[in-house]
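Residue numbers count from 1 along this sequence.
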Amino acid sequence: MRIAVTIFLTDETITPTRLARELEDRGFAGLYLPEHTHIPVERTTPYPAGGDLPPEYGRTLDPFVALGQAAAVTERLGLGTGITLVAQHDPIDLAKQIATLDHLSGGRFTLGLGFGWNVEEAADHGVRWSSRRELVRDRMALMRALWSQEPVAHEGEFGSVRASHAYPKPVQKPRGPVIGPRTLVGGAAGPKLFTHISEYADGWLPIGGRGLSEALPVLRTVWADAGRDPEALQVVPYAVHPSPGKLAHYADLGIEEVVAQLPPAGEAEVLKTLDGLATLL
């Protein structure tokens, strides 16, 4: 079982370079970073976990800048987002950022993407909430056009791009309908989500990992019905607090990687937590 980690890196926590070196030295599989551009003060959207929104949400570092630093000081560590809010980006710019990071890291990037939960944050980016999933689907198609080996145009409901020269290209070769870096979609289990995963991703990034015994057979059926290779599906439980029992359960389900949650803290506390997690490697 590969164990990666996620953390809200902020202006008050351990730095990306220090954390990345420590993760690679200890043998962790990867580092996944979340994304929030800002948190509007006048927010009516409830925090999904309940209670008050933790302060680190409004202090989060840009994940691509932070992962670029992490890439520069490591050689093997996987680098990922968990998650990129694709609806809040210009897709032409985002395609360039992703391809550059993947190229410079030697193909170590995983695009974990999702649809968001903060209505007010998305609205400031001009996102219409009711159509955000379709917007993300369209933007992924546009980025695939830019990542294609030959110039390909995309004309979609939400945007278009002319057939263009766009380099660098992501390192990983196309696999089935997927073009670009390793791509995992986050979100709660459901038919629309599983259809999107089967259409343009390598797998699922379920937060917390609950209910996988019931959800995985459904996802595997949708995946197979889409003509995808059953052996190629990847499921990576995200932001979990692993234990030997949980890891054994995940292994029984055919899961090969989990992403453990680190505290949004300073160097001493984060490294102490890593020491505890390292016993599970």
Exercise for the section: Indicate yes or no for a side-chain donor-acceptor contact from Arg139 to the backbone of Ala87 under 3.5 Å, with no hydrogens or angles considered. Expected result: yes
Problem - Heavy atoms from other residues, nucleotides or ligands near CZ of Arg43 exceed 12 (cutoff 6.0 Å) - result: yes
Exercise for the section: Output yes when Lys192 and Glu134 qualify as a salt bridge under the 4.0 Å nitrogen-oxygen rule, no when they do not. Expected result: yes
Practice task
Could you tell me whether a side-chain N or O of Thr6 sits under 3.5 Å from a main-chain N or O of Tyr32, the two making a donor and an acceptor?
Solution key: yes
Practice task
Please name the pair of heavy atoms, one in Lys169 and one in Ser148, separated by the smallest distance, quoted to 0.1 Å.
Solution key: NZ-O, 2.7 Å
Exercise for the section: May I ask you to check whether over 12 heavy atoms, not counting those of His249, lie within 6.0 Å of atom NE2? Expected result: yes
Problem - Least distance between heavy atoms, Pro237 atom then Gly209 atom - result: CB-CA, 4.2 Å
Problem - Polar side-chain atom of Arg59 near backbone of Asp11 as donor-acceptor pair, under 3.5 Å - result: no
Problem - Exceeds 12 heavy-atom contacts within 6.0 angstrom, atom CZ of Arg137 - result: no
Practice task
Kindly say whether Thr15 contributes a backbone atom to a donor-acceptor pair with the side chain of Arg18 at under 3.5 angstrom?
Solution key: no
Exercise for the section: Say whether, by atom type as modelled, one donor and one acceptor occur between the side chain of Arg132 and the main chain of Trp129 under 3.5 angstrom. Expected result: yes
Handout entry: Polar side chain donor-acceptor pair, Thr84 to His89, under 3.5 angstrom
Key = no
Handout entry: Donor-acceptor contact present, side-chain Thr221 to main-chain Pro217, <3.5 Å
Key = yes
Handout entry: Atom of Leu31, atom of Leu33 and distance for their closest heavy-atom approach
Key = CD1-CD2, 3.8 Å
Problem - Main-chain N/O of Glu75 paired with Glu24 side-chain donor or acceptor, under 3.5 Å - result: yes
Exercise for the section: Would you confirm whether Glu121, through its side chain, and Thr37, through its main-chain N or O, come within 3.5 Å as a donor-acceptor pair? Expected result: yes
Exercise for the section: Mind checking the OG1-CG spacing from Thr195 to Leu219? Nearest 0.5 Å is all I need. Expected result: 10.0 Å
Exercise for the section: Would you mind checking if Arg175 and Asp229 are paired as a salt bridge, meaning a charged N to carboxylate O distance below 4.0 Å? Expected result: no
Problem - Flag, side chain of Lys96 to backbone of Pro91, donor-acceptor distance under 3.5 Å - result: no
Practice task
Please name all residues satisfying salt bridge (Lys or Arg N to Asp or Glu O under 4.0 Å) with Asp62, sequence neighbours left out, ordered by chain then number.
Solution key: none
Problem - Heavy atoms from other residues, nucleotides or ligands near CD1 of Ile207 exceed 12 (cutoff 6.0 Å) - result: no
Completion exercise
Of all heavy-atom pairs linking Gly112 and Leu205, the shortest is CA-CD2, 4.2 Å
Handout entry: Taking every non-hydrogen atom, the tightest pair across Glu35 and Leu85
Key = OE1-N, 2.7 Å
Practice task
State plainly whether the residues Arg182 and Asp202 are in salt-bridge range, i.e. N to O under 4.0 Å.
Solution key: no
Practice task
Please confirm whether Phe194 and Trp223 have ring centers closer than 6.0 angstrom.
Solution key: no
Handout entry: Under 3.5 Å: donor-acceptor pair, side chain of Trp204, backbone of Leu193
Key = no
Exercise for the section: Take the angle between the ring planes of His36 and Trp117 and call it parallel below 30°, perpendicular above 60°, tilted in between. Expected result: perpendicular
